[in-house]
Each structure stands twice: as C-alpha cells, then as structure tokens.
Amino acid sequence: MADGKDDVSGGVPTTVRGAGGLVTLEGAVAVIVALVLIVRGLLGHDQSAASGYGTAAWFGILGGGVLAAGVGLLLGKRWGRAIAVIAQLLLLPVTWSLLTDSHQPVFGALLGVVVVTALILLFAPPSTRWMAADYGADPSNS
C-alpha cells in the first residue's frame, strides 16, 4: 500500500512468520492434492468427472487462498492473518475426524500439531501486538 501500513519490512514478529510458514505448507498441500485429483480424473480413476474435478476445484480454490494467506504472512501482510485463523478453525474438525471416524490417527496427529501450533503462533502476544499496531492500538494498556 502507498501509505506503508501493510508493508512492515523489519517489524514482523517471528511468531507471524512461523505461522505463515505453516499456513503456506497447508495451502501448498491442498494445491498439490488438487493437481493429483485432476491427474486422476484425466487418467479415468474417478467414478465420475464431476466428483473428481469438482473436488479438485474445491481444493484448488480454498488451498490457493490459504497458500496466498501464508505467503502474505511471510511477507508481513496483515490481511493474511484473518484467512489463516479461519482456515485453522475449519481444520480443527478435520483433525478430529481423521483421529476418530476416518481411522487415520497419524495424519490426524500431524495435522493437529500443525493447526494448533499455527493458532498458538497467530494469537501469541507478539502477533497480537503486531496486528493491533495497524489500528493504532496499544494492547499492553488494556
């Protein structure tokens, strides 16, 4: 932005950059899943084209948004935090499902560690102060 509010070269906390790395990883995995689903559809492995390509589109669109949010956080863009928080909250039930109903405890545990770590980093005091600075607020006086 021209006013410099969204570009904070040296003032991005490591907690925000760490969360950005995790969120970028999540988005990249979703985009890769979308590509795999497209290839599977092209090779005729799916039951119906609508199912394979529709799921690929869903993973691609949402994964692309999460990937953009993660990269945004890595670059110090505050807008990425809202998308990242929502993505983590939506991934909590997925984690639970993997741990219980889907009988995929390894994937559930891995996803759970990533999601909970990202949430902790996104709500850590340095991250909160960094976000509040954009609004001229000083959270230490609250």
Side-chain angles (χ1 to χ4, degrees), residues 1-42 45-142:
M1 293 179 79
D3 61 1
K5 281 188 173 184
D6 207 30
D7 182 21
V8 287
S9 308
V12 182
T14 56
T15 54
V16 171
R17 292 200 193 271
L22 293 174
V23 173
T24 299
L25 175 67
E26 292 169 353
V29 167
V31 169
I32 290 168
V33 167
L35 293 173
V36 168
L37 289 170
I38 290 170
V39 170
R40 285 178 50 88
L42 291 172
H45 292 291
D46 287 316
Q47 294 175 351
S48 73
S51 175
Y53 295 128
T55 304
W58 186 86
F59 269 94
I61 292 167
L62 292 180
V66 172
L67 178 61
V71 171
L73 288 172
L74 288 172
L75 296 175
K77 307 295 182 185
R78 288 178 170 86
W79 57 262
R81 185 173 183 254
I83 298 168
V85 168
I86 290 170
Q88 303 320 296
L89 294 176
L90 291 173
L91 284 171
L92 284 173
V94 174
T95 300
W96 181 255
S97 178
L98 287 170
L99 288 170
T100 57
D101 299 337
S102 297
H103 307 291
Q104 298 289 332
V106 173
F107 291 125
L110 288 172
L111 181 60
V113 167
V114 170
V115 168
V116 170
T117 302
L119 281 170
I120 290 169
L121 292 172
L122 288 166
F123 286 101
S127 299
T128 306
R129 283 191 296 273
W130 177 72
M131 281 300 295
D134 194 41
Y135 298 100
D138 183 11
S140 61
N141 289 339
S142 305

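Side-chain atoms are counted along with the backbone in the values below, which use heavy atoms only and exclude waters and symmetry mates.
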Considering only heavy atoms from C-beta outward, does the side chain of L89 approach that of V85 to under 4.5 Å? yes
Which pair of heavy atoms, one from V31 and one from G60, lies closest together, and at what distance? CG2-O, 4.5 Å
Search all heavy atoms of A109 against all heavy atoms of L99 and return the closest pair with its distance. N-CD2, 3.6 Å
Does any non-hydrogen side-chain atom of L92 lie less than 4.5 Å from one of L119? yes
Quick check: do L122 and L73 have side-chain heavy atoms less than 4.5 Å from each other? yes
Does the side chain of V33 come within less than 4.5 Å of V36's, by heavy atoms? no
Can you list every side chain to side chain donor-acceptor pair (under 3.5 Å) pair that touches residues 27-36, not counting sequence neighbours? none
Residue set satisfying side chain to side chain contact (heavy atoms under 4.5 Å, CB included) with L110, at least two apart, ordered chain then number -> V106
Shortest non-hydrogen pair, F59 vs A34, comes out as CB-CB, 3.9 Å
Is any side-chain heavy atom of I83 closer than 4.5 Å to a side-chain heavy atom of W79? yes
A133 and R78: which non-hydrogen atoms are nearest, and at how many Å? CB-NH2, 4.1 Å
Apply side chain to side chain contact (heavy atoms under 4.5 Å, CB included) to A56 and list each qualifying residue two or more places apart in sequence or on a separate chain. L37, I38
Can you check whether L42 reaches Y53 side chain to side chain, under 4.5 Å on heavy atoms? yes
Output, in order, the C-alpha distance, side-chain angles, deciding distance and verdict of side-chain contact (heavy atoms from CB on, under 4.5 Å) for L62 and W58. CA-CA 6 Å; L62 292 180; W58 186 86; 3.2 Å; yes
Any pair with a residue in residues 60-72 that passes side chain to side chain donor-acceptor pair (under 3.5 Å), sequence neighbours left out, goes on the list, sorted by first then second residue, please. none
Identify all side-chain donor-acceptor contacts of residues 18-28 below 3.5 Å with residues at least two apart in sequence or on another chain.
residue	atom	partner	partner atom	Å
T24	OG1	G20	O	2.7
T24	OG1	G70	O	3.3
T24	OG1	V71	N	3.3
E26	OE1	Q88	NE2	2.7

Heavy-atom closest pair, residues T128 and F123: OG1-O, 3.5 Å
Residue pairs involving residues 104-127 (criterion side chain to side chain donor-acceptor pair (under 3.5 Å); sequence neighbours excluded): T15-S127
Between CZ on residue R17 and CG on residue L75, distance to nearest 0.5 Å: 7.5 Å
Closest approach of W130 to V16 (non-hydrogen atoms, all atoms of both residues): CE3-CG2, 3.6 Å
Sorted by chain and number, sequence neighbours left out, side chain to side chain contact (heavy atoms under 4.5 Å, CB included) with V39 holds for L43
